[in-house]
A.B. asks: 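Sharing a structure with you now.
Only heavy atoms go into these numbers, but all of them, side chains included; no hydrogens, no water, no symmetry mates.
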Amino acid sequence: MQPETVLLHDATRPSWSGSGPRPIRARIWPSRREGPAATVLLSHGTGGAGEDLDWLAAPLNEAGFLVASVDHHGNSYNDEYLVQGFTLVSERPRDISYLLDHVQGQYDVDERRIGSAGFSLGGYTVAALLGAEIDARVMSALFAGHVPAPHVPEFPDLMEVLRAKYSSEQLELLAQSAARPVRDPRVRAGALFAPGIAEVLTPASLRMIEAPVLVRWGDVDDITPPAENAHVYADLMPRAEAASVGATAGHYVFLGDREDPSRVREAAASDAVDFFTRHL
């Protein structure tokens, strides 16, 4: 089944690339079953797009789930790369909540059976929907350059561009804004694949997440190193179901256009179908 595509606009937030509301491009796979559908919403990684996770969307849809993915404005190759899209990351979970509003209005969604899955920065996005919160002090220090920022291959001069665009006072306000909770109580379970930016989250918020969470990573991931990211999520979230996908698996094995001789994505998708079937 090919997904339906739709361009949505969130009038409550402005576009970062000129006038008008925030654009949200979505891909939607309606459920193949009759009656209210269990639903899984997908969030792509830094600089990616919704179709990067088609390897996950297709088996979920075949298992009966309504599946919808989104291109995050300013952080997707289907859009333009904008410094705000790479740094103001708490806007991403708000995109998923807006997408959920849309699918609930257009499709027969079982409101008791809603989950979300994401890769890399999309893993953070899912955790934030479940209750993870950014530490404003850490984010402020990153923005100001007091602590080193992680390298972003898609935007190598990210922090220099950010500091050229905003004053110190504006950056502090942005850091405070990023720390506001974006939890969506409609989302009951989450799957995180090679999740990132654990270092900017408050450990207390991760410990308070009551939802079941699937966490998967590759042991040789040098983009979101597991010891600093996936292991943190797995160790702190009380109901995490965590495991490595392989000793030779790297970060980008979770992208649908990459070589996967060990069929890591197939196994990860099977784990996700089982996980969401059990918990939704």
A.B. asks: On a heavy-atom basis, which atom in Trp16 and which in His73 lie closest, and how many Å separate them?
C.D. replies: N-NE2, 2.9 Å

A.B. asks: Examine the side chains of Asn78 and Glu51 and answer whether a donor and an acceptor come within less than 3.5 Å of each other.
C.D. replies: yes

A.B. asks: Is Ser140 reaching over with its side chain to a backbone N or O of Ala136, donor-acceptor style, under 3.5 angstrom?
C.D. replies: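 No, because the side chain of Ser140 does not come within donor-acceptor range (under 3.5 Å) of the backbone of Ala136.
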
A.B. asks: For Gly250 and Val220, work out which heavy atoms get closest and say how close.
C.D. replies: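 What the structure gives for the nearest pair is N-CG2, 3.8 Å.
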
A.B. asks: Can we say Asp10 and Arg94 salt-bridge, meaning some charged N sits less than 4.0 Å from an Asp/Glu carboxylate O?
C.D. replies: no

A.B. asks: Taking Asn61 for its side chain and Ala58 for its backbone only, find out whether a donor-acceptor pair lies under 3.5 Å.
C.D. replies: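 Not a single qualifying donor-acceptor pair exists.
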
A.B. asks: Indicate yes or no for a side-chain donor-acceptor contact from Tyr107 to the backbone of Pro30 under 3.5 Å, with no hydrogens or angles considered.
C.D. replies: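 Between the backbone of Pro30 and the side chain of Tyr107 there is no qualifying donor-acceptor contact (under 3.5 Å).
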
A.B. asks: Which heavy-atom pair separates Pro150 from Glu199 by the least distance, and what is that distance?
C.D. replies: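 Nearest pair, atom of Pro150 first, then Glu199: CG-OE2, 4.0 Å.
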
A.B. asks: My understanding is that only residues two or more places apart in sequence, or in another chain, count here; which of them pass side chain to side chain contact (heavy atoms under 4.5 Å, CB included) with Pro185?
C.D. replies: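 Testing Pro185 for side chain to side chain contact (heavy atoms under 4.5 Å, CB included), a comparison that skips the adjacent residues, returns Arg183.
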
A.B. asks: Salt bridge check, Asp95 against Arg13: does any charged N sit closer than 4.0 Å to a carboxylate O?
C.D. replies: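 Result for this pair is yes, salt bridge flagged.
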
A.B. asks: Can you name the nearest heavy-atom pair linking Thr224 to Ala194, along with the distance?
C.D. replies: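 For Thr224 and Ala194, the tightest heavy-atom pair comes out as OG1-O, 3.3 Å.
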
A.B. asks: Would you mind listing the cluster partners of Val273? Hydrophobic ones only (ILVMFWY), side-chain contacts under 4.5 Å, chaining allowed.
C.D. replies: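 Its cluster partners, ordered by chain and number, are Trp29, Val40, Leu42, Leu53, Trp55, Leu56, Leu60, Phe65, Val67, Phe119, Phe193, Leu214, Ile223, Val245, Tyr252, Val253, Phe254, Leu255, Val264, Phe275, Phe276, Leu280.
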
A.B. asks: Contact between Glu210 and Pro238 at the side-chain level, heavy atoms closer than 4.5 Å - yes or no?
C.D. replies: no

A.B. asks: Surrounding CD of Glu160 (heavy atoms of other residues, nucleotides or ligands, distance under 6.0 Å), is the total greater than 12?
C.D. replies: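 More than 12 within 6.0 Å, yes.
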
A.B. asks: Could you tell me which non-hydrogen atom of Ser205 sits nearest to which non-hydrogen atom of Glu133, and how far apart they are?
C.D. replies: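 So the minimum-distance heavy-atom pair works out to OG-N, 2.9 Å.
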
A.B. asks: Could you please spell out the steps behind the salt bridge (Lys or Arg N to Asp or Glu O under 4.0 Å) verdict for Arg186 and Asp101?
C.D. replies: CA-CA 10 Å; Arg186 295 174 294 180; Asp101 291 341; 2.7 Å; yes

A.B. asks: If you measure only the distance, is there a donor-acceptor pair under 3.5 Å linking the side chains of His251 and Ser120?
C.D. replies: yes

A.B. asks: Please indicate whether Arg32 has more than 12 foreign heavy atoms, meaning atoms of other residues, nucleotides or ligands, lying under 6.0 Å from its CZ.
C.D. replies: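 Correct, the count exceeds 12.
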
A.B. asks: What heavy-atom pair brings Gly123 and Leu192 nearest, and what distance separates the two atoms?
C.D. replies: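 Heavy atoms only, the tightest pair is O-CG, 3.5 Å.
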
A.B. asks: Is it true that a side-chain atom of Arg25 and a backbone atom of Asp79 form a donor plus acceptor pair closer than 3.5 Å?
C.D. replies: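 Not confirmed, Arg25 side chain does not pair with Asp79 backbone.
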
